[in-house]
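Written out below as structure tokens is the structure these notes cover.
The figures that follow rest on heavy atoms only: side chains count, while hydrogens, waters and symmetry mates do not.
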Amino acid sequence: MVEMEQNSRRLPLKMNKKKRFSYSLNTIGVLVAVLLLTVTLLVVGSVSYYYQGEFKNQYLEYMVRLQSQFNSDTAADFKTLDLQLFQLGAYNTNISLINSTQDDQTFYRAKMTLYKELSNLAPVFPTIDGLFFYSPAADDYTPFISRSASSECSLYIKDFLAENKEELPGMRSLYRQWQLVRQNGGSYLVRYVFSGNSVLGAWTSLSTLLSSFRGVLPEKSVISMLDPERRLLQDGLFPDYVYTEDASARYQQYTSGEGTRYIVNTYQTPYSGCHLIVFTPAALLMAQMAPVVKGFTIIILTIGLITAALSVLIKRLIDQPIRPMKRTLEALRDGTEKTPVLVTDSRCVEVRQMFGVLNGMLDNIQTLEAQVYEDQLAQSRLELQFLKSQITPHFLINCLNTFSYLASSPEESDHATAQRLTQTLSQHIRYSFATGE
């Protein structure tokens, strides 16, 4: 019953005992290497993400400066053009002759002179495709076309002014900016300048206007314009593109039907209701990141090699001095080793202290084993003496009883045997008294 109670008390202790986690030096080395590489990757990833954002911000700032400069320069040119057209309409006598003369020869001479003046004015403004003059009184249209590709726009202006010549005075307040015209798949900006009863103006195609800006953009970037309704003016450029208004975002991200990712930013023009829009491939920014990525890759590889070397070095510094101790302890466990281990030449103070403690323990074990052996011998001697002390009295009593029996026997042979036994016992007693054993 007592044994069963003791077993029942021990059972919960065994069940509640938790298994402890064990590890080796190899495990520690691998964990240290993985930890260092993980930290390195996190740091490099954070820095790469930071620099990617910085590159993107720098590019956006660069684009904003380009667009702002382009708009400022274009607005200044257009303002100068307006001033030239106003002065031409106010002070040019040829315009007065066209509006008032009835003489055909004078009319055509004035018209040719005006055409020449328009042709002299056009080269001053390389971002326009042509200039025109329209006289409602004579219903006459005089254009100068710098680029023949935009002649369709000139025909549109002629028809538009002829159809609306009666309403031209009321258009002064409406047409204070460049007007967007889409004609046969082309997009144009047209400026109407009202001077007296006449209309002077200019037009330019979208490609001509953006040609100077396109030259300073990064490779494979696309520039276009949005109309006042925020639709792309170039048909077929990005058919699935939809402009989304987000005041908090500095740019948009757009993926074309071909799978190319673009960074899109817009900028309103001050001379029309349109917006400049630039599509920049995201791969260009990644190309700018290539030197940084290359540098970080070299850093990762370098740190990886250093980590591996450190792991091997740490394992060697710890495992090499402990290996003899491990072999000695295994030999002690198997009973094949009882001599102290050699003093290690490790530079680690703690390892030397461990070896010193182990050597001391082994010395104590040998001393205790020798002492136990001597104690066992002494105990054996005591037991032997005790047995002898018990055996000797019985031996003498048995001998005396034998003497008594032989002496009382009537046989002569028993008397001779008693005599020999007496002599033998006397020799034994003499020997025992002489040697002490």
Side-chain angles (χ1 to χ4, degrees), residues 63-86 89 121-122 124-132 134 143 145-147 149-150 152-161 164 167-168 170-195 199-217 222-235 237-238 241-245 247 252 264-279:
M63 290 302 303
V64 168
R65 290 196 300 268
L66 283 182
Q67 291 175 340
S68 178
Q69 186 65 39
F70 173 77
N71 281 332
S72 298
D73 294 343
T74 305
D77 289 343
F78 284 171
K79 185 176 181 180
T80 303
L81 176 61
D82 288 350
L83 181 60
Q84 293 288 338
L85 293 176
F86 274 118
L121 183 61
V124 180
F125 303 98
T127 56
I128 64 172
D129 285 354
L131 297 166
F132 67 87
Y134 178 73
I145 303 175
S146 301
R147 296 174 178 83
S150 63
E152 292 183 355
C153 184
S154 178
L155 295 176
Y156 165 82
I157 295 171
K158 178 182 178 181
D159 296 339
F160 174 78
L161 293 175
N164 297 279
E167 288 81 15
L168 289 180
M171 294 181 180
R172 294 176 180 267
S173 59
L174 298 177
Y175 294 161
R176 295 182 178 274
Q177 287 185 322
W178 289 70
Q179 305 299 312
L180 175 64
V181 174
R182 307 191 72 170
Q183 187 71 17
N184 295 331
S187 299
Y188 305 90
L189 291 179
V190 182
R191 177 71 169 114
Y192 300 100
V193 177
F194 298 91
S195 177
V199 180
L200 291 100
W203 77 88
T204 182
S205 63
L206 184 64
S207 59
T208 303
L209 181 64
L210 301 179
S211 60
S212 60
F213 189 46
R214 189 177 291 109
V216 297
L217 287 178
V222 179
I223 183 173
S224 183
M225 273 192 170
L226 299 175
D227 62 15
E229 286 75 28
R230 305 297 192 272
R231 294 173 299 188
L232 280 174
L233 293 181
Q234 291 177 273
D235 295 334
L237 180 60
F238 297 114
Y241 173 74
V242 178
Y243 176 84
T244 55
E245 185 73 31
Q252 295 177 335
V264 184
N265 57 319
T266 59
Y267 202 96
Q268 186 173 5
T269 59
Y271 44 82
S272 69
C274 301
H275 285 69
L276 285 174
I277 183 168
V278 179
F279 295 83

Q) From Arg191 CZ over to Leu81 CG, what is the distance, rounded to the nearest 0.5 angstrom? A) 8.5 Å
Q) Does Glu229 have any salt bridge (charged side-chain N to carboxylate O under 4.0 Å, His left out) partners at least two apart in sequence or in another chain, and if so, which? A) Arg231
Q: Look at atom CZ of Arg172 and say whether more than 12 heavy atoms of other residues, nucleotides or ligands are closer to it than 6.0 Å.
A: yes
Q. Which heavy atom of Val124 sits nearest a heavy atom of Pro126, and at what distance?
A. O-CD, 3.4 Å
Q. With a 3.5 Å cut-off and no angle check, do the side chains of Asp73 and Gln69 form a donor-acceptor pair?
A. yes
Q: To the nearest 0.5 angstrom, please state how far the OG atom of Ser205 sits from the CD atom of Glu152.
A: 11.5 Å
Q. Closest approach of Leu131 and Ala202, non-hydrogen atoms and distance?
A. CD2-CB, 3.4 Å
Q) What distance do Leu209 atom CG and Tyr188 atom OH have between them, rounded to the nearest 0.5 Å? A) 13.0 Å
Q: Decide yes or no for Phe160 and Gln179: does some side-chain heavy atom of the first lie under 4.5 Å from some side-chain heavy atom of the second?
A: no
Q: Would you mind reporting whether His275 and Tyr243 have side-chain heavy atoms less than 4.5 Å apart?
A: no
Q) Do any pairs count as a salt bridge (charged side-chain N to carboxylate O under 4.0 Å, His left out) and have a residue in residues 201-212, sequence neighbours left out, and if so which ones? A) none
Q: Could you tell me which non-hydrogen atom of Phe238 sits nearest to which non-hydrogen atom of Val222, and how far apart they are?
A: CE1-CG1, 4.3 Å
Q) So do the side chains of Thr74 and Phe213 get within less than 4.5 Å of each other, counting heavy atoms only? A) no
Q: Report yes if the side chains of Leu85 and Ser195 come closer than 4.5 Å at any heavy-atom pair, otherwise no.
A: no
Q. CD/Gln234 to CG/Leu206 distance, rounded to the nearest 0.5 angstrom?
A. 5.0 Å
Q | Least distance between heavy atoms, Arg182 atom then Leu233 atom | A | NH2-O, 2.7 Å
**Q.** Heavy-atom check, side chain of Tyr134 versus side chain of Tyr192, under 4.5 Å
**A.** no
Q) Got Phe125 and Thr80 here, is their nearest side-chain heavy-atom distance under 4.5 Å? A) yes
Q | Residue pair Phe279 / Leu232: nearest heavy atoms and the distance that separates them | A | CE1-CD2, 4.1 Å
